[in-house]
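Predicted, not measured: the structure shown is a model, and the values here were computed from it. Values below: all heavy atoms of this structure, side chains included; hydrogens, waters and symmetry mates excluded. Counting starts at 1 for both ligands and their atoms, in listed order.
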Amino acid sequence: MRVAVLTGASGGMGFAVARRLGAEGYALVVNSRDPSLAVRRLEEEGYRAVGVAGDIAEEGTAGRILEAAEGFGRLDALLLNHGGPPVKAFLEVGDEEWRRWYEVMVVGPLRLLRLCVPLFRRSGGGRVVAIASFTVKSPYPGIVLSNALRAALVNALKTAALELGREGVLVNAVAPGYILTERIAEWNRGQAAREGVSPEEVAARTVAGIPLGRYGTPEEMAEAIAFLLSPRNGYITGQLLLVDGGLVVAN
Ligand SMILES: NC(=O)c1ccc[n+]([C@@H]2O[C@H](COP(=O)([O-])OP(=O)(O)OC[C@H]3O[C@@H](n4cnc5c(N)ncnc54)[C@H](OP(=O)(O)O)[C@@H]3O)[C@@H](O)[C@H]2O)c1
(Lines give C-alpha, C1' and ligand atoms only; values in the text may rest on other atoms or scores of the structure.)
Protein backbone atom coordinates (compact mmCIF):
# COMPACT_ATOMS: atom_id res chain seq x y z
CA MET A 1 0.00 0.00 0.00
CA ARG A 2 1.28 3.45 -0.93
CA VAL A 3 1.14 6.26 1.62
CA ALA A 4 0.52 9.98 1.07
CA VAL A 5 0.88 12.92 3.44
CA LEU A 6 -1.17 16.00 2.58
CA THR A 7 -1.10 19.33 4.41
CA GLY A 8 -3.87 21.90 4.04
CA ALA A 9 -6.11 19.04 2.94
CA SER A 10 -9.43 19.54 4.75
CA GLY A 11 -10.92 21.66 1.94
CA GLY A 12 -10.39 23.11 -1.52
CA MET A 13 -7.67 21.65 -3.74
CA GLY A 14 -5.93 19.79 -0.90
CA PHE A 15 -9.06 17.79 -0.11
CA ALA A 16 -9.64 17.08 -3.82
CA VAL A 17 -6.10 15.63 -4.01
CA ALA A 18 -6.76 13.51 -0.90
CA ARG A 19 -9.92 12.06 -2.50
CA ARG A 20 -8.11 11.43 -5.77
CA LEU A 21 -5.23 9.60 -4.06
CA GLY A 22 -7.69 7.74 -1.81
CA ALA A 23 -9.41 6.46 -4.96
CA GLU A 24 -6.02 5.24 -6.19
CA GLY A 25 -5.63 3.21 -2.98
CA TYR A 26 -3.19 5.39 -1.03
CA ALA A 27 -3.41 5.48 2.77
CA LEU A 28 -3.76 9.16 3.67
CA VAL A 29 -2.30 11.34 6.41
CA VAL A 30 -4.51 14.43 6.28
CA ASN A 31 -3.36 17.64 7.94
CA SER A 32 -5.01 21.01 8.45
CA ARG A 33 -5.81 23.01 11.54
CA ASP A 34 -8.97 20.90 11.82
CA PRO A 35 -9.09 17.88 9.51
CA SER A 36 -11.72 15.92 11.47
CA LEU A 37 -14.64 16.45 9.07
CA ALA A 38 -12.46 15.76 6.01
CA VAL A 39 -11.17 12.51 7.52
CA ARG A 40 -14.72 11.41 8.29
CA ARG A 41 -15.77 12.13 4.68
CA LEU A 42 -12.78 10.21 3.30
CA GLU A 43 -13.53 7.24 5.55
CA GLU A 44 -17.17 7.30 4.47
CA GLU A 45 -15.96 7.01 0.89
CA GLY A 46 -14.04 3.90 1.90
CA TYR A 47 -10.54 5.41 2.05
CA ARG A 48 -7.95 4.80 4.75
CA ALA A 49 -7.19 8.17 6.40
CA VAL A 50 -5.80 9.56 9.65
CA GLY A 51 -5.97 13.21 10.61
CA VAL A 52 -3.21 15.30 12.17
CA ALA A 53 -4.55 18.64 13.41
CA GLY A 54 -2.04 21.48 13.45
CA ASP A 55 -0.89 24.72 11.90
CA ILE A 56 1.88 23.98 9.36
CA ALA A 57 3.78 26.97 10.78
CA GLU A 58 4.02 25.46 14.27
CA GLU A 59 7.19 23.58 15.04
CA GLY A 60 5.54 20.47 16.51
CA THR A 61 3.15 19.86 13.61
CA ALA A 62 5.68 18.36 11.18
CA GLY A 63 6.88 15.81 13.77
CA ARG A 64 3.33 14.64 14.48
CA ILE A 65 2.59 14.35 10.74
CA LEU A 66 5.73 12.26 10.26
CA GLU A 67 4.79 10.00 13.20
CA ALA A 68 1.44 9.31 11.52
CA ALA A 69 3.18 8.40 8.24
CA GLU A 70 5.63 6.17 10.11
CA GLY A 71 2.58 4.44 11.58
CA PHE A 72 1.80 3.31 8.02
CA GLY A 73 5.43 2.20 7.63
CA ARG A 74 6.40 4.15 4.53
CA LEU A 75 5.93 7.36 2.54
CA ASP A 76 5.42 7.73 -1.20
CA ALA A 77 3.82 11.14 -1.77
CA LEU A 78 3.85 14.51 -0.02
CA LEU A 79 1.54 17.42 -0.84
CA LEU A 80 2.60 20.78 0.64
CA ASN A 81 -0.35 23.15 0.90
CA HIS A 82 -2.05 25.63 3.25
CA GLY A 83 -4.50 28.53 3.06
CA GLY A 84 -3.58 31.66 1.14
CA PRO A 85 -2.15 34.77 2.85
CA PRO A 86 -4.19 37.96 3.23
CA VAL A 87 -4.71 40.11 0.16
CA LYS A 88 -2.57 43.15 1.02
CA ALA A 89 -0.56 45.74 -0.87
CA PHE A 90 3.18 46.22 -0.33
CA LEU A 91 2.75 49.22 2.00
CA GLU A 92 0.17 47.42 4.15
CA VAL A 93 2.40 44.56 5.31
CA GLY A 94 4.61 45.10 8.36
CA ASP A 95 7.40 42.97 9.87
CA GLU A 96 5.13 40.86 12.08
CA GLU A 97 2.93 39.83 9.18
CA TRP A 98 5.96 39.06 6.99
CA ARG A 99 7.32 36.81 9.75
CA ARG A 100 4.02 35.01 10.36
CA TRP A 101 3.49 34.20 6.67
CA TYR A 102 7.13 33.30 6.12
CA GLU A 103 6.60 30.64 8.81
CA VAL A 104 3.40 29.35 7.13
CA MET A 105 4.50 29.48 3.50
CA VAL A 106 8.24 28.77 3.62
CA VAL A 107 9.61 27.51 6.95
CA GLY A 108 6.74 25.12 7.79
CA PRO A 109 6.55 23.31 4.41
CA LEU A 110 10.36 23.05 4.13
CA ARG A 111 10.66 21.71 7.68
CA LEU A 112 8.15 18.97 6.85
CA LEU A 113 9.92 18.04 3.61
CA ARG A 114 13.27 17.89 5.43
CA LEU A 115 11.82 15.60 8.11
CA CYS A 116 10.22 13.36 5.47
CA VAL A 117 13.42 12.69 3.51
CA PRO A 118 14.68 9.79 5.70
CA LEU A 119 11.29 8.04 5.34
CA PHE A 120 11.33 8.63 1.57
CA ARG A 121 14.81 7.08 1.51
CA ARG A 122 13.59 4.02 3.43
CA SER A 123 10.68 3.76 0.96
CA GLY A 124 12.99 3.82 -2.07
CA GLY A 125 12.18 7.40 -3.16
CA GLY A 126 9.07 9.54 -3.40
CA ARG A 127 7.18 12.40 -4.99
CA VAL A 128 6.61 15.90 -3.60
CA VAL A 129 4.29 18.60 -4.92
CA ALA A 130 3.66 22.06 -3.48
CA ILE A 131 0.65 24.17 -4.43
CA ALA A 132 1.94 27.64 -5.34
CA SER A 133 0.23 30.17 -7.65
CA PHE A 134 0.46 31.63 -11.14
CA THR A 135 1.66 34.80 -9.39
CA VAL A 136 5.09 33.16 -8.99
CA LYS A 137 5.52 33.70 -12.72
CA SER A 138 3.51 36.92 -12.97
CA PRO A 139 3.43 38.88 -9.70
CA TYR A 140 0.06 40.53 -9.29
CA PRO A 141 -0.51 43.92 -7.59
CA GLY A 142 -2.04 43.89 -4.12
CA ILE A 143 -0.89 40.43 -2.99
CA VAL A 144 2.72 40.99 -2.03
CA LEU A 145 2.87 38.15 0.54
CA SER A 146 1.82 35.59 -2.04
CA ASN A 147 4.07 37.01 -4.78
CA ALA A 148 7.18 37.00 -2.61
CA LEU A 149 6.84 33.98 -0.34
CA ARG A 150 5.64 31.50 -2.96
CA ALA A 151 8.64 32.44 -5.10
CA ALA A 152 10.89 31.68 -2.10
CA LEU A 153 9.27 28.28 -1.60
CA VAL A 154 9.39 27.35 -5.28
CA ASN A 155 13.11 28.16 -5.52
CA ALA A 156 13.88 26.24 -2.33
CA LEU A 157 11.99 23.26 -3.77
CA LYS A 158 13.88 23.57 -7.03
CA THR A 159 17.08 23.30 -5.00
CA ALA A 160 15.70 20.24 -3.18
CA ALA A 161 14.84 18.70 -6.56
CA LEU A 162 18.42 19.21 -7.76
CA GLU A 163 19.84 17.66 -4.59
CA LEU A 164 17.41 14.76 -4.05
CA GLY A 165 16.94 13.54 -7.62
CA ARG A 166 19.60 10.84 -7.35
CA GLU A 167 17.76 9.40 -4.37
CA GLY A 168 14.57 9.04 -6.40
CA VAL A 169 12.78 11.95 -4.75
CA LEU A 170 11.05 14.05 -7.43
CA VAL A 171 9.99 17.53 -6.33
CA ASN A 172 7.66 19.85 -8.24
CA ALA A 173 5.29 22.76 -7.71
CA VAL A 174 1.97 23.45 -9.39
CA ALA A 175 0.71 26.93 -10.04
CA PRO A 176 -3.06 27.22 -10.12
CA GLY A 177 -4.66 29.99 -12.12
CA TYR A 178 -8.24 30.55 -10.94
CA ILE A 179 -9.73 27.43 -9.37
CA LEU A 180 -13.24 27.54 -7.92
CA THR A 181 -12.80 26.99 -4.19
CA GLU A 182 -13.93 28.90 -1.10
CA ARG A 183 -10.67 30.86 -1.35
CA ILE A 184 -11.69 32.23 -4.77
CA ALA A 185 -15.24 33.08 -3.65
CA GLU A 186 -13.65 35.07 -0.78
CA TRP A 187 -11.16 36.69 -3.20
CA ASN A 188 -14.02 37.80 -5.50
CA ARG A 189 -16.01 39.24 -2.58
CA GLY A 190 -12.95 41.16 -1.33
CA GLN A 191 -12.04 42.49 -4.77
CA ALA A 192 -15.68 43.52 -5.37
CA ALA A 193 -15.84 45.38 -2.06
CA ARG A 194 -12.58 47.24 -2.84
CA GLU A 195 -13.79 48.27 -6.30
CA GLY A 196 -17.46 48.92 -5.47
CA VAL A 197 -18.67 46.37 -8.04
CA SER A 198 -20.44 43.01 -7.67
CA PRO A 199 -18.58 39.69 -7.16
CA GLU A 200 -20.23 38.52 -10.40
CA GLU A 201 -18.55 41.38 -12.28
CA VAL A 202 -15.17 40.41 -10.83
CA ALA A 203 -15.78 36.78 -11.84
CA ALA A 204 -16.82 37.76 -15.39
CA ARG A 205 -13.66 39.87 -15.81
CA THR A 206 -11.51 36.99 -14.60
CA VAL A 207 -13.12 34.50 -16.96
CA ALA A 208 -12.65 36.92 -19.88
CA GLY A 209 -8.87 36.47 -19.43
CA ILE A 210 -8.99 32.66 -19.42
CA PRO A 211 -8.78 31.08 -22.90
CA LEU A 212 -10.70 28.02 -21.71
CA GLY A 213 -13.52 30.44 -20.78
CA ARG A 214 -14.18 29.25 -17.22
CA TYR A 215 -12.71 28.70 -13.78
CA GLY A 216 -10.87 25.45 -13.13
CA THR A 217 -12.21 22.89 -10.69
CA PRO A 218 -10.40 21.41 -7.65
CA GLU A 219 -10.79 18.00 -9.32
CA GLU A 220 -8.90 19.19 -12.43
CA MET A 221 -6.06 20.41 -10.20
CA ALA A 222 -6.16 17.12 -8.31
CA GLU A 223 -5.78 15.17 -11.55
CA ALA A 224 -2.56 17.03 -12.45
CA ILE A 225 -1.19 16.82 -8.91
CA ALA A 226 -2.06 13.13 -8.51
CA PHE A 227 -0.07 12.40 -11.67
CA LEU A 228 3.00 14.30 -10.40
CA LEU A 229 2.71 12.53 -7.03
CA SER A 230 2.46 9.04 -8.52
CA PRO A 231 5.06 6.64 -9.95
CA ARG A 232 3.48 7.42 -13.36
CA ASN A 233 5.63 10.54 -13.09
CA GLY A 234 9.03 9.06 -13.76
CA TYR A 235 11.00 11.94 -15.24
CA ILE A 236 9.49 15.31 -14.24
CA THR A 237 11.24 17.09 -11.39
CA GLY A 238 12.16 20.65 -10.43
CA GLN A 239 9.27 22.09 -12.44
CA LEU A 240 6.58 24.69 -11.85
CA LEU A 241 3.51 23.47 -13.74
CA LEU A 242 0.88 26.09 -14.55
CA VAL A 243 -2.64 24.68 -14.37
CA ASP A 244 -4.47 27.82 -15.41
CA GLY A 245 -6.64 27.28 -18.48
CA GLY A 246 -4.08 29.28 -20.50
CA LEU A 247 -4.58 32.39 -18.34
CA VAL A 248 -3.54 35.66 -19.96
CA VAL A 249 -1.81 37.94 -17.45
CA ALA A 250 -0.98 41.58 -17.98
CA ASN A 251 2.72 41.63 -17.01
N1 LIG B 1 -8.15 28.77 -5.60
C2 LIG B 1 -7.37 29.39 -6.45
O3 LIG B 1 -7.76 29.75 -7.55
C4 LIG B 1 -5.92 29.65 -6.12
C5 LIG B 1 -5.11 30.32 -7.05
C6 LIG B 1 -3.76 30.52 -6.77
C7 LIG B 1 -3.25 30.05 -5.55
N8 LIG B 1 -4.07 29.43 -4.67
C9 LIG B 1 -3.47 28.97 -3.42
O10 LIG B 1 -3.53 27.55 -3.36
C11 LIG B 1 -3.67 27.13 -2.00
C12 LIG B 1 -4.90 26.25 -1.86
O13 LIG B 1 -6.01 26.99 -2.32
P14 LIG B 1 -7.53 26.57 -2.03
O15 LIG B 1 -8.33 27.49 -2.87
O16 LIG B 1 -7.70 25.10 -2.15
O17 LIG B 1 -7.63 27.01 -0.49
P18 LIG B 1 -8.75 26.76 0.61
O19 LIG B 1 -10.01 26.26 -0.02
O20 LIG B 1 -8.78 27.99 1.45
O21 LIG B 1 -8.13 25.54 1.48
C22 LIG B 1 -7.00 25.74 2.27
C23 LIG B 1 -6.74 24.48 3.12
O24 LIG B 1 -5.59 24.71 3.91
C25 LIG B 1 -5.89 24.52 5.31
N26 LIG B 1 -5.06 25.46 6.06
C27 LIG B 1 -5.20 26.82 6.13
N28 LIG B 1 -4.21 27.34 6.87
C29 LIG B 1 -3.44 26.29 7.30
C30 LIG B 1 -2.28 26.19 8.11
N31 LIG B 1 -1.71 27.28 8.66
N32 LIG B 1 -1.75 24.97 8.33
C33 LIG B 1 -2.31 23.85 7.81
N34 LIG B 1 -3.42 23.89 7.02
C35 LIG B 1 -3.97 25.10 6.78
C36 LIG B 1 -7.40 24.75 5.41
O37 LIG B 1 -8.00 24.02 6.47
P38 LIG B 1 -8.08 24.55 8.00
O39 LIG B 1 -8.86 25.82 7.97
O40 LIG B 1 -8.76 23.39 8.72
O41 LIG B 1 -6.67 24.72 8.47
C42 LIG B 1 -7.86 24.14 4.08
O43 LIG B 1 -7.94 22.74 4.19
C44 LIG B 1 -3.75 28.41 -1.16
O45 LIG B 1 -2.47 28.73 -0.67
C46 LIG B 1 -4.21 29.43 -2.18
O47 LIG B 1 -3.85 30.76 -1.84
C48 LIG B 1 -5.38 29.22 -4.91
Side-chain angles (χ1 to χ4, degrees), residues 5-20 28-42 49 51-62 64-65 78-88 100-112 129-140 142-154 173-191 202-203 206-207 209-210 212 214-222 224-225 240-245 247 249:
V5 161
L6 307 98
T7 70
S10 65
M13 291 181 250
F15 182 67
V17 178
R19 287 187 70 210
R20 183 71 180 69
L28 309 166
V29 178
V30 178
N31 157 262
S32 83
R33 289 164 303 178
D34 181 7
S36 50
L37 202 62
V39 168
R40 204 174 323 141
R41 281 184 60 191
L42 291 163
V52 178
D55 188 322
I56 185 86
E58 278 169 23
E59 219 169 319
T61 303
R64 288 187 293 110
I65 291 174
L78 170 63
L79 177 73
L80 299 170
N81 183 43
H82 51 71
V87 175
K88 287 195 169 181
R100 157 72 188 153
W101 286 97
Y102 177 61
E103 293 286 334
V104 174
M105 300 178 70
V106 182
V107 180
L110 295 178
R111 177 191 298 127
L112 178 59
V129 170
I131 299 185
S133 170
F134 72 93
T135 58
V136 171
K137 284 223 162 159
S138 308
Y140 195 87
I143 49 168
V144 70
L145 288 163
S146 178
N147 292 341
L149 297 175
R150 291 189 201 281
L153 180 71
V154 166
V174 292
Y178 289 91
I179 310 297
L180 258 188
T181 65
E182 184 41 40
R183 164 82 175 164
I184 276 294
E186 184 191 314
W187 164 276
N188 285 351
R189 285 193 295 271
Q191 201 72 11
V202 176
T206 300
V207 166
I210 304 173
L212 291 188
R214 61 174 177 82
Y215 282 92
T217 66
E219 290 70 30
E220 287 169 324
M221 280 301 300
I225 294 172
L240 175 66
L241 176 67
L242 286 159
V243 184
D244 66 355
L247 186 65
V249 280

Can you tell whether the side chains of E220 and R214 come within less than 4.0 Å, N to carboxylate O?
yes

Run the salt bridge (Lys or Arg N to Asp or Glu O under 4.0 Å) test against D34 and tell me which residues pass, sequence neighbours left out.
none

With a cut-off of 6.0 Å (strictly less than), are more than 12 heavy atoms of other residues, nucleotides or ligands near CD of E219?
yes

Got a salt bridge between R100 and D55, using NZ or NE/NH1/NH2 to carboxylate O under 4.0 Å?
yes

Hey, which residues fall under 4.0 Å of ligand 1 on heavy atoms?
G8, A9, S10, G11, G12, M13, N31, S32, R33, D34, G54, D55, I56, N81, H82, G83, G84, I131, A132, S133, R150, P176, G177, Y178, I179, T181, R183, I184

Holding to side-chain contact (heavy atoms from CB on, under 4.5 Å), I want the full list of residues that pass it with S10, two or more places apart in sequence or in another chain.
S32, A38

Counterpart residues, salt bridge (Lys or Arg N to Asp or Glu O under 4.0 Å), relative to R189 (two or more places apart):
E182

